[in-house]
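The block underneath contains the structure these notes are about, expressed in C-alpha cells.
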Amino acid sequence: MESPLTAEPYRIKMVEPLHLTTLAERRRCISEAGYNPFLLESRSVYIDLLTDSGTGSMSDSQWAAMMEGDESYAGSRSFQRLRQAVADVMGFSFVIPAHQGRAAENILFLTLLKEGDLVPSNYHFDTTRAHVWNRRAVPVDLVSAEAHDPELEMPFKGDVDLARLDDLLREKGPGKVPLVMVTLTCNGTGGHPVSMANLKGLRDITLKYGVPLVMDACRFAENAYFIKTREPGYQDKPVAGIVREMMDQVDGCTMSAKKDALANIGGFLALRDPEIVQRAQAWAVLYEGFPTYGGMAGRDMEAVARGLREVLDFSYLADRVGQVQYLHSQLVKAGVPVVKPSGGHAVYVDAGAFLPHLPRAAFPAWALSVELYLEAGVRGVEIGSVMAGRDPRTGENMEPRLEMVRLAIPRRTYTYRHMDVVARAFLDLLARRERVKGYRFEYEPPVLRHFTARLSPM
Ligand code: F0G
C-alpha cells in the first residue's frame, strides 16, 4: 500500500472568493429565508455542505476537454468519447446520456416498470423512490438491519439483506419484480458502502430468478475505495480493477455524473442488453434528446468522460474520503453524536441525540441545521421529519428512523481548514444546545415540503 498522504494531491490554480458574514447578517438572511436553508442565497453561505452533487471542482484536464466539445446534434465525437470512457471504466457497451441521474432513472423505469410492480434495493435515494412511485410501482428497502443503528461500527452497512431479497423474489416472482436495484454508496442511510461479497450474492440471487440487477452508481469510485481498504483480498487490486469487478455483477447502471464523474452536470443510463437499450432509447428521445447527446452539451460529455477516468486515481480517492473521515473524527472527538462509521461523501450528525430536549414534532434536525448556519455560516441539510413529509393516506407526519443533519462535502473544493471551522461550530453549538428552540411551519407545501417551506422558531 502507498505511504499515507500528507496533503491534497493537487494544487489550486483558480479561486472563488467566499463572503464572510456577521451573526447579524446571518440572522437577517435566515429569517428572510423563512428559516429554510434551501432558500438562502449562496452568497450568504460561507461553507456550503448542502450537497456533494455538481458542486465539486473540475480538473485542468476536464476544463481543457470542454474546449473540444462537439456540439453536433447527431453522432458527435464527444458522445463517442463518453461511450468509450463508460466502456473502458465500467464495461458497459451501451450508453444513453441524460441530463442528470434522476433523468436516467426516469428512462429506466419508463422502460421496465408497470403499475403494481415492486422494486427492491438496499435503500432507494429520494429521486429513485419518487420515480418508482411515479410509475405506480412500489419501492422496497432491504438494507441490512444494522444500517439503522447509528452507533454500530461495521465496514459495509450499505449491504442488502440477501435473505429478505430471496424471500421476496420467491414469493412474488419475476413477474412482479422486473428489476432489483442497489445504491452505491448508500446515501439514504449514511453514505455507507456495499461489499463485493454482497454484490456477488445479489448477482447469484437475481440470476436464479432471472431478474436484471441495476446499480445506482453515483458514488461507485468511493465504494471501490472502501472495498480496497476494508474488504479482505482487495488491498492489492487497483481501483480500476475493483470497479470492473463491481460492474461485472450488474446488468446496467444509472449514473449521476454530478458525483463520481467529477462534473457539474450530466448523467447516463448504461446497459448490456441491446433489446432493453432499444426500448429505453425511444423514451430517451422523448424526455431527454437525441441518443448521442440526451440532455447534455457536447462539452459536458467531454468533462464527464475525463472525470470517469480521473476518479479512479487512488490518491484522489484517499484524499477525498480521507477529508470526510477527518471531519467525522473531529466531530467524534468533540463529543458530537454522528452516524458511524464515516460515509464516503458526507458526515451524518444524529440531531435527535444532539438536541434530546426537542420532540420530533419540533423538528430537531431542522433546528440544528438552522443553528449551524447561524453559528458559522455553514449550510448542511436536514434528513429528518421535515424532509420525510406526511403519509398521503393519513395526513400524519411520517417518522423517519433518525433525525439527521447531513454534511456533504463537495469534491476537491474545501480544505481541511474549512473542516476545522465546521467542527468548531459544532463544539460551540454543543455548549449552548439546551437553548436551541424547535420550529413550526408557517407555510407547508403539499409535496416535497422541505424545499420551499417557511418556518418560524417556537
Ligand atoms: N442516486 C443517488 C444515490 C443520489 O445521491 C442522487 C442525488 C441521485 C440518484 C439523483 O441524481 O441529482 O443527478 O438527479 N443526490 C444528491 C444529493 C441530490 O444531495 O445527495 P441527480
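Position 1 is the first residue of the sequence; numbering continues from there. Whatever order the structure lists them in is the order used to number ligands and atoms, beginning at 1.
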Protein residue, atom and distance nearest to [atom], heavy-atom basis:
| atom | result |
| --- | --- |
| atom 18 (C) of ligand 1 | Phe125 CZ, 3.9 Å |
| atom 9 (C) of ligand 1 | Glu105 OE2, 3.2 Å |
| atom 13 (O) of ligand 1 | Ser256 OG, 2.7 Å |
| atom 1 (N) of ligand 1 | Asp216 OD2, 2.6 Å |
| atom 21 (P) of ligand 1 | Gln100 NE2, 3.3 Å |
| atom 7 (C) of ligand 1 | Lys259 NZ, 2.5 Å |
| atom 12 (O) of ligand 1 | Arg102 NH2, 2.9 Å |

Look only at interatomic distance and state if [X] has a nitrogen or oxygen under 3.5 Å from any nitrogen or oxygen of ligand 1.
| X | answer |
| --- | --- |
| Thr183 | no |
| Gly266 | no |
| Lys258 | no |
| Asp52 | no |

Donor-acceptor pair, side chain of Thr415 and main chain of Arg417, under 3.5 angstrom: yes
Min heavy-atom dist Gly267 to ligand 1 below 4.0 Å: no
Centroid-centroid under 6.0 Å between Phe79 and Tyr293 rings: no
Ring-ring centroid check Phe451 Phe38, cutoff 6.0 Å: yes
Arg219: numbered ligand 1 atoms lying under 4.0 Å from its heavy atoms: 3 (C), 4 (C), 5 (O), 20 (O)
Proximity of Arg406 to ligand 1 by residue part, where a heavy atom lies under 4.0 Å: side chain
Glu382 and Ser369 side chains, donor-acceptor separation under 3.5 Å: no
Within 45° cone and under 6.0 Å: Arg129 NZ/CZ vs Tyr123 ring: yes
